[in-house]
Amino acid sequence: MRVGILFQDVNNKKIPWQKNAQIYNRTVSRTLDMSMALTEVGYESIVFSSLEDYFNKSLAEPVDLVFPCIECCFERNANGFIPSILQMKNVPFIGNDSYINTIVSDKYLFSNIANFLGIHTPKAVLINKCDQVNLINHIQEIELPCILKYQYGSMSYHTTKVSDFIQLERQINFMISQKNGPILCEEYIEGRELSVPVIGTAPNEQILAVIEYTDSNNKPLEIYDDFWKRDNDFQVNLNPLDVSLPSTKEIISSVRKIYKYLKYKDYARFDFRLNPQGVPYLLEGNPLPALAYESAFDPYSYGKNMSFEAVLSQIVESAAKRYRL
């Protein structure tokens with residue numbers, strides 16, 4: 001089977017809906033790692049540096065499945081662009097459709113869907129430019145410290161924990177000045193940072209592990225932000241948790257519930273905070289997570305029970321089965 005890995009090389013061509021090119025600095029190397037891993041397990045792999053590159057070469061270099069790895073930030077429907085175009089062109093592709101990508105890009109909407117399903121999420125309010133005038137009243141339901149992040153952000157860009165109102169006001173003014181869309185002001189959950197890598201299509205999904213991110217001394221991360229994800233990910237330890245613990249069982253149950261409800265396909269990653277009382281709070285259900293070493297999909301995350309190559313192979317096979325290839 002021939003798999004075409006599709007990414008956007010922002011160094012060669014900037015596109016208006018993919019702002020702040022520096023946050024995509026790992027995409028090229030990760031895409032090449034994916035290509036090598038797929039080749040290791042017997043697939044033929046070809047890398048396309050943009051959607052335009054794919055369509056220009058698709059007749060001369062046809063593929064059986066396209067693996068879209070283009071992630072965008074700050075526009076509410078940007079992550080739905082690529083799946084929509086591929087679906088309209090009748091191109092079989094790996095991963096989640098435009099519906100899930102668009103819904104889950106909205107962190108506030110996703111949180112409300114999780115609440116509807118009975119899943120714990122942090123309390124949150126949205127902040128727009130007009131709310132700056134009466135900010136203290138607008139956020140009165142949220143206690144300090146709290147988390148500020150973009151409603152449609154990605155890769156934790158500018159995600160910040162603030163501890164007092166002066167810091168809060170300063171950070172909101174800065175984030176609004178960047179014109180990256182509304183800001184989510186979210187209750188800070190004291191505790192531990194967890195992730196759940198999942199492969200397969202509901203209702204037959206496979207949860208690889210529930211992992212905790214810690215620093216190199218195995219201390220819990222106060223917040224898993226841009227500082228850790230971009231330049232210091234090699235200092236982050238990935239620690240699989242005991243799946244028989246009550247809190248871990250609740251996390252797995254929550255993941256299965258929302259995975260089935262939104263009908264995720266092929267793979268996803270779910271992020272949680274676990275408070276000191278053992279109550280998990282769902283933060284995000286990423287339908288386009290990094291498939292890479294030093295990520296939740298690194299073999300260390302799931303106790304080396306499966307290789308990185310085997311995980312990618314199962315993701316491809318999940319899509320191939322759906323398209324009856």
Side-chain angles (χ1 to χ4, degrees), residues 8 10 14-27 70-82 96 98 100-115 121-133 135 138-139 141-142 144-163 165 167-189 193 195 221-231 233 268-273 281-290 295:
Q8 178 64 47
V10 294
K14 291 180 170 54
I15 46 182
W17 40 268
Q18 200 167 30
K19 298 163 64 177
N20 302 302
Q22 70 271 23
I23 67 177
Y24 308 101
N25 67 332
R26 300 289 294 279
T27 304
I70 299 178
E71 187 170 9
C72 316
C73 295
F74 316 119
E75 297 289 343
R76 70 179 190 173
N77 60 342
N79 279 341
F81 288 169
I82 306 303
N96 292 285
S98 58
I100 292 179
N101 274 284
T102 300
I103 283 179
V104 174
S105 291
D106 185 338
K107 294 177 173 59
Y108 189 63
L109 176 58
F110 178 76
S111 177
N112 278 281
I113 292 171
N115 278 328
T121 63
K123 290 187 291 187
V125 296
L126 280 179
I127 300 172
N128 292 282
K129 186 174 182 178
C130 61
D131 300 316
Q132 288 176 280
V133 178
L135 185 59
H138 186 73
I139 65 159
E141 293 182 15
I142 310 297
L144 295 174
C146 66
I147 300 293
L148 298 177
K149 60 178 73 170
Y150 293 116
Q151 182 182 4
Y152 308 111
S154 185
M155 305 184 198
S156 299
Y157 188 67
H158 287 162
T159 295
T160 308
K161 178 187 175 186
V162 295
S163 301
F165 186 76
Q167 187 184 9
L168 173 84
E169 195 171 37
R170 185 183 301 121
Q171 183 66 17
I172 285 174
N173 289 340
F174 165 73
M175 291 173 72
I176 286 177
S177 73
Q178 301 303 297
K179 299 181 180 178
N180 290 326
I183 298 161
L184 194 64
C185 180
E186 187 178 82
E187 172 190 14
Y188 176 66
I189 305 299
E193 188 86 26
S195 266
L221 301 184
E222 184 178 49
I223 173 176
Y224 189 36
D225 58 4
D226 181 60
F227 171 82
W228 293 109
K229 290 184 179 181
R230 284 179 55 202
D231 300 323
D233 55 1
R269 189 199 72 231
F270 295 82
D271 299 332
F272 288 81
R273 292 286 294 185
Y281 288 79
L282 179 59
L283 305 178
E284 186 175 349
N286 191 339
L288 196 61
S295 78

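Just the heavy atoms: all of them, side chains too, but no hydrogens, waters or symmetry mates, feed the values below. Numbers here are sequence positions counted from 1.
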Spacing of F110 atom CZ and N115 atom CG [to the nearest 0.5 Å]:
10.5 Å
Is there a side-chain contact between Q8 and T27 in this structure, where contact means two heavy atoms from C-beta onward sitting under 4.5 Å apart?
no
When every non-hydrogen atom of K161 is compared with those of I223, the smallest separation belongs to N-CD1, 4.1 Å
For the atom pair OG1 (T160) and CE (M175), what is the distance rounded to the nearest 0.5 Å?
6.0 Å
Can you tell whether the side chains of K123 and E186 come within less than 4.0 Å, N to carboxylate O?
no
What is the minimum heavy-atom distance between L184 and K107, and which atoms define it?
CD2-CB, 3.9 Å
Which atom of L144 lies closest to which atom of S163, heavy atoms considered:
CB-O, 3.8 Å
If you round to the nearest 0.5 Å, how far is CG of L282 from CD1 of I189?
11.5 Å
Does the side chain of S156 pick up a donor-acceptor pair with the side chain of D226 at under 3.5 Å?
no
Minimum heavy-atom separation for Y157 and N180, please, with both atom names.
CE2-ND2, 4.1 Å
Check whether any side-chain N or O of N112 sits under 3.5 Å from a backbone N or O of Y108 as a donor-acceptor pair, and report yes or no.
yes
Hey, are E71 and N79 close enough side-chain-wise for a donor-acceptor pair under 3.5 Å?
no
R170 vs V162 side-chain heavy atoms within contact, under 4.5 Å:
no
Can you name the closest pair of heavy atoms from P289 and A268 and give their distance?
CG-C, 3.9 Å
For the residue pair Y150 and H158, categorise the inter-ring angle as parallel (less than 30°), tilted (30 to 60°) or perpendicular (more than 60°).
tilted
In this structure, CD of Q151 is separated from CZ of R76 (nearest 0.5 Å) by 9.0 Å
Would you check if the side chain of S105 reaches a backbone N or O of N101 as a donor-acceptor pair within less than 3.5 Å?
yes
Report the distance from atom NE2 of H138 to atom SG of C130, rounding to the nearest 0.5 Å.
7.5 Å
Looking at CD1 of I139 and CZ of F165, how far apart are the two atoms once the value is rounded to the nearest 0.5 Å?
5.5 Å
For N286 versus L288, what's the shortest heavy-atom pair and its separation?
OD1-N, 2.8 Å
